[in-house]
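To keep things clear, I will list the structure first and then write my remarks on it.
Naming: A, B, ... by sequence-line order, numbering from 1 per chain.
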Amino acid sequence: MSVIAGIDLGTTFSALAILNSIGKPQIVPNAEGERITPSAVFFDEEDTNVIRVGIEAINSRQLNPERSVRWIKRHMGDRKYKKSIDGKDWTPEEISSLILKKLKQDCSRDEGDINDVVISVPAHFDEVRRKATMDAGRLAGLNVIGIVNEPVAAALYYATTCEVTGRVLVYDLGGGTFDVTILDVQNKDINIVCSQGDHALGGIDFDQRILELFQQAYREKFNAELLVDDEARAKYEDEAEDLKKTLSRRPSAKKMLYGEAGSMRFEITREQFEEAIAPLITRADMLVEVTLQEAKCNPSDINKVLLVGGSTRIPTIRTRLEEKFGKAPEVAVNVDECVALGAAIHAGLTKMREDPSEIDSGIAGGLRDVKLKDVCNHSYGTICAPRDQETGQYVVQNSIILKKNTPLPCESTQRFFTMVDGQTELQVTITQGEDTDPDYVNKIATEIFELPPDRPANRPIKVTYSYDLNQRMHCTFQDEESGRVLEVNFCIGENGEMSEDNVAHKAAEMESFKVE
Amino acid sequence: MLEVGVVVVLAVIWLVYLRLTGSGMLIPRRRSTSGPLDRERFMCKIDRSQIDFNGSRVPGFVIKMRGQLRVPHNNCDTDVQAVAFDITEGQNNAHPVLSILPQWQMEDSPAFCLVAHNGKVPRKVSILANWVTIGSIPCSVLKFPRTGQRQLKFVISLLNRSNGKELLCTATTFPYDNREAGYIDLRESFQKVEGMIIHLAVAAAMEEEGASEKGLAVIREWIEAKDKTSENQDNQNPRLAVLEKAIQKAMQDDFDAEAACRSIAENASIVDRYNAIRLVLRVVAAEGNIDREQTDQLTLVAELLRIDKDKFRALAQKSLPINTHRIEDIRFLLGINETMPSEEIRRRLNDEYQKWNGRVTHPDIEIRTQADRMLGLIAEARNRFVEQGWKVTAAS
Ligand SMILES: Nc1ncnc2c1ncn2[C@@H]1O[C@H](COP(=O)(O)OP(=O)(O)OP(=O)(O)O)[C@@H](O)[C@H]1O
Ligand SMILES: [Mg+2]
C-alpha cells in the first residue's frame, strides 16, 4: 500500500517521517544513518553529475563556498534570488527540491516509494512562500497533498503521543525561523487558537552574533580582518555554531582564530553570549507577549509550554520561559524530529479526509480519534477607498475581509460600492497582511472585474473570501445588480510564475539531476 | 466631510471667478426698451418661501416673471433663463452666485444658471398677465462670495429656442443674509493658511548655516504640484513670492513657528493640517540625519496642529524610513517618551513590534529592510526603556 510521509523542510535541518502500519509516525534515517539531514547543497566541481546534499555538502562547503547553498528557506518565494552554478540559475524552489529529492531517495531505499506527502512550513509563511514550498515538493517528484504549519505539526505529534489537556504554547525556535503558537488540547482534539512568527529570527542569527564577536576580537588584537574571503566566512560560521552549541552545555567555551595576521585564542562565557544575543531574545520575548495578547490570555492561563526546534536548547531561553510562565517548559518530544512526525500525521489526516478508500485500515484506525481545528494564518483583504473618519477624505486603504486566526474552514463577506458614474471596470486586489496602509500589505493577486455600463456610482459589490481545510483560498466578487461574478481561485500551487505546465516541465528537467 | 468639498469647489471657483469678472461676457447687456406701460413691461421677481425639494420642505428662491413678451414671429418657441450675481460691491464688481448642483450650473462652470422651456409664444407681442413661476431653487444650493448681508441680482432672459438668441431681458435685486462662509472668504483663508504652511515648512528647512537646499527643493516641488491643480499660471506665481518672503523671514529669525502652527490649527481644515504636517515631514526627511532637536520640534508641531498621535507616528515612520535615515532619538519613531510608565512603554513597543513584524516578509525589499531595522530598534528600545518587562507580566 502507499507510503504516507511528512517532511520538515527546515532552514538548517530537514527530516522525513512516515506513518507505519498502525498510523504511528516514525522518522526514516537518511543514507548516512542520521535521523535529520542538513539542509545544505553542494555543487561538486569535480563531479558535476551529482549534487551533494546533507552532511557531505556541509563538509565540502568550506572548500568552495561559492558552490554551496545553505539556509535556502530564508529565500523561499523570493523571485529575485538566483544561485548561478555552471551557467544555470537555480531558484530557491529548485534548490529546496534537491534537499527533498535526497530525503525521498533515502527513504525509498528502506521503505519503498513515497506517494503522498505533507511538507511543513513556518506558521507565518505567506501564500507565496507556501506555494514555493509546494512547488519544491513537486519538482522533487513528490505528490504534495498538503502543507502544515510547523508548530501545528509539532502539537499534533505532541497531543497524539503524550497525555495532554489544556492550553499549550508551542515555542518553536529553529535554525532560521521562530513561531509561537497557542492551542487548546483535549485528548486528541486539537484547536489552534493563534500563531505569530518572526521570519528573521533563528539559530543562524545567534551564530552571526558570535561571528561578529570573533571579528571584533580579531580586529582589536591584530587590527586586521579575520574574514578575508568566503572560505574564511564559511569556516567561522561553522565554528560559531559549534561554539554556540558548546555554550548550551558549558558555562564558557574557547576557539582558536587563525587569520592572516596571526592566530589568537577566543574565549567566551555564557553570560557574554547571552548579552550579545539580548536584542534577539528581546524580539522573541515580544513575540511571546503579542501572541498571548492575540489569544487574549495571561501567562498563567497557559498550562504547558512546549519546546520545539534546536535553538530551544539554549539555556537562557528555557530560563526565560520559566520566569514568564512560572513553570519549566516541556521537552516532551524530540525537538528536532517532532515537526516531521507531526507532518506525517497531518498527511494521514488529509488522506483520510480526501481519499479515504486509499488509506490502510491500520493507519485509519490509528488516526481515528485525532481531530484538528486549524486557523487562518493571515488576514486577507482588498484595496478600497473609504472616507477617512477624521478628515473626510477618500483614502486608499486595505480593508480586511477574512481575519487572521479565524477557525478553518471559514468564509466572510463584505459589501463595497463603485466610486464613479458609468464605472465599467473595477480593479480588484487581494491582499494578505494586517495593515490598513496598502503600501505595507502583500498584494497577492490583482484582476479586472468588468461591470455593466451606464450606471450611476454606488453600485454594491459583494466580496466573499473563503479558506478551506486544505489551506486553499477562494474569492468571489459579485456585482449585486447584474449578478455578474468574478472568481479568483487563489489556490496554492496555481498562482504566480510557476503555472501547472511550468511545474510539470521543470519537474522533468529536475529529474535529470542526481543527488547524493 | 465638508472640507474636501470645499477644497474641490474652491479650485473650480477660482477659475470661474476670473472668467466672469474678467471678461464680463456673462453679464447681460441692458436694452433700452420702447417704454411700454409699467404693468406691461417684461419683469421678474424672486419670492422667498418654503419649497419642495427631494421630498422635504426647505427654504428656497422662487423665480417668477410676467409682462409683455416680444418675439420675432407668431408661435415662436422660447426658453427662459435665470442667472444670478452678488452685486454688494457694486454693479461693476459683480461676483457670480454658484450652484452646487450640476443641473443648475452653466455648461462650463459652476455659476448658477437655470434654463427652462417656456413654450411657444402665440403672437409677436403677447402678455403674461399673472406671475408665472420659472423655477424654485433651494437656498442651500446657491453659494455666495461672502458671508453676511448681500445684495443679489437675478437676471431673467427670454431666449429664442431655435437659435438661443436673447429676445428680452429683465433683472431684479434684493438683499439676502448669507449665513454660510462665502467662497471668496474660504479662498482667502485658504491662501492665508497655505502661506503659513509654506512659512512653517521653510522654518523646518532651516539649518545652522541657512536653509537646506534639499528642503527648499521639496517645498518648491509642493508649490509646483499645487500650481498644477489650480491652473493659475497666467499671473506671477503668488506662492513662490510667499516662499521668497518666508525664506527672508526665516533667515532673519523673524518667524514664530509656534504661533503659525496655532493659527493653522485654528483656520485650516483638517485636511490642510495633515497637508501641513506631511510637508514638514518631507522637508525634514530631505536630509538624511535627523537630530533630537528636530524630532522634538516635529513632535511639537504635530501636537500644535492637533494631529492624531498614532497617525502622526505612522506618517513619521513612513516619511523617515529608518533604513535611509539616521534618527538620533528613536523614541520619536516609536511613540514613546521618558514620562511614560514602563508598563505603557512595554505595551506600545509590543504593538509596534506586532505591526512591523507583519511587514518583515513584504515582497518589497525596501519595506523588508525597513521592517527589520524597526524590529531591531524596538528590541533596543525595550532593553533600554522597559525595566523588568518580562517578569512584570509574569506576575500580572
Ligand atoms: N545545543 C544547541 N544549542 C544551541 N543551538 C542549537 C543546539 N542544537 C542545535 N541548535 C541550533 O538549532 C538550529 C537547528 O534547529 P532546527 O533543526 O529545529 O531548525 P530548522 O528546522 O532547520 O529551522 P527552521 O525550523 O527555523 O526552518 C540550528 O541553528 C542549530 O545551531
Ligand atoms: Mg524547524
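- Relative orientation of the F273(A) and F206(A) rings is perpendicular, given thresholds of 30° and 60° on the angle between their planes.
- Close approach to chain B, defined as a heavy atom under 4.5 Å from one of its heavy atoms, is seen in D435(A), D437(A), D439(A), Y440(A), V441(A) of residues 433-441 of chain A, taken by number.
- Proximity to chain A among residues 356-373 of chain B is limited to W356(B), N357(B), R359(B), V360(B), T361(B), H362(B), P363(B), I367(B), R368(B), Q370(B), D372(B), judged by heavy-atom separations below 4.5 angstrom.
- Residue E271(A) places its CD atom among more than 12 non-hydrogen atoms of other residues, nucleotides or ligands, all under 6.0 Å distant.
- Side-chain contact check for V180(A) versus L292(A): every heavy-atom pair is 4.5 Å or farther apart.
- Listed in order of number, the residues of residues 301-316 of chain B that approach chain A to under 4.5 Å between heavy atoms are D308(B), K311(B).
- A side-chain donor-acceptor contact under 3.5 Å links Q317(B) and E352(B).
- Contacts of L287(A) with chain B are made by both backbone and side-chain atoms, with heavy-atom separations under 4.5 Å.
- For the side chain to side chain contact (heavy atoms under 4.5 Å, CB included) with P92(A), the lone residue among H75(A), R74(A), K73(A) that qualifies is H75(A).
- Chain A forms the most heavy-atom pairs under 4.5 Å with one residue out of L349(B), N383(B), D351(B), and that residue is N383(B).
- At least one side-chain heavy atom of V128(A) sits less than 4.5 Å from a side-chain heavy atom of R79(A).
- Using a 4.0 Å cut-off between a side-chain N of Lys or Arg and a carboxylate O of Asp or Glu, R347(B) and E344(B) do not qualify as a salt bridge.
- Contact check for I204(A) versus D207(A): side-chain heavy atoms found under the 4.5 Å cut-off.
- We find that E289(A) and R382(B) are joined by a salt bridge, their nearest charged nitrogen and carboxylate oxygen being less than 4.0 Å apart.
- Both the backbone and the side chain of D198(A) come within contact range of chain B, with heavy atoms under 4.5 Å apart.
- Within a 6.0 Å sphere centred on CG of D421(A), other residues, nucleotides and ligands contribute more than 12 heavy atoms.
- In this structure, E107(B) places its CD atom where only 12 or fewer heavy-atom neighbours from other residues, nucleotides or ligands lie under 6.0 Å away.
- In this structure the side chain of Y353(B) never reaches within 4.5 angstrom of the side chain of T282(A), judged on heavy atoms.
- Partners of E194(B) according to the salt bridge (charged side-chain N to carboxylate O under 4.0 Å, His left out) rule, which considers only residues two or more places apart in sequence or in another chain, are R239(B).
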**Request:** List the steps, then state whether side-chain contact (heavy atoms from CB on, under 4.5 Å) holds for I345(B) with L334(B).
**Result:** CA-CA 9 Å; I345(B) 297 181; L334(B) 301 173; over 6 Å; no
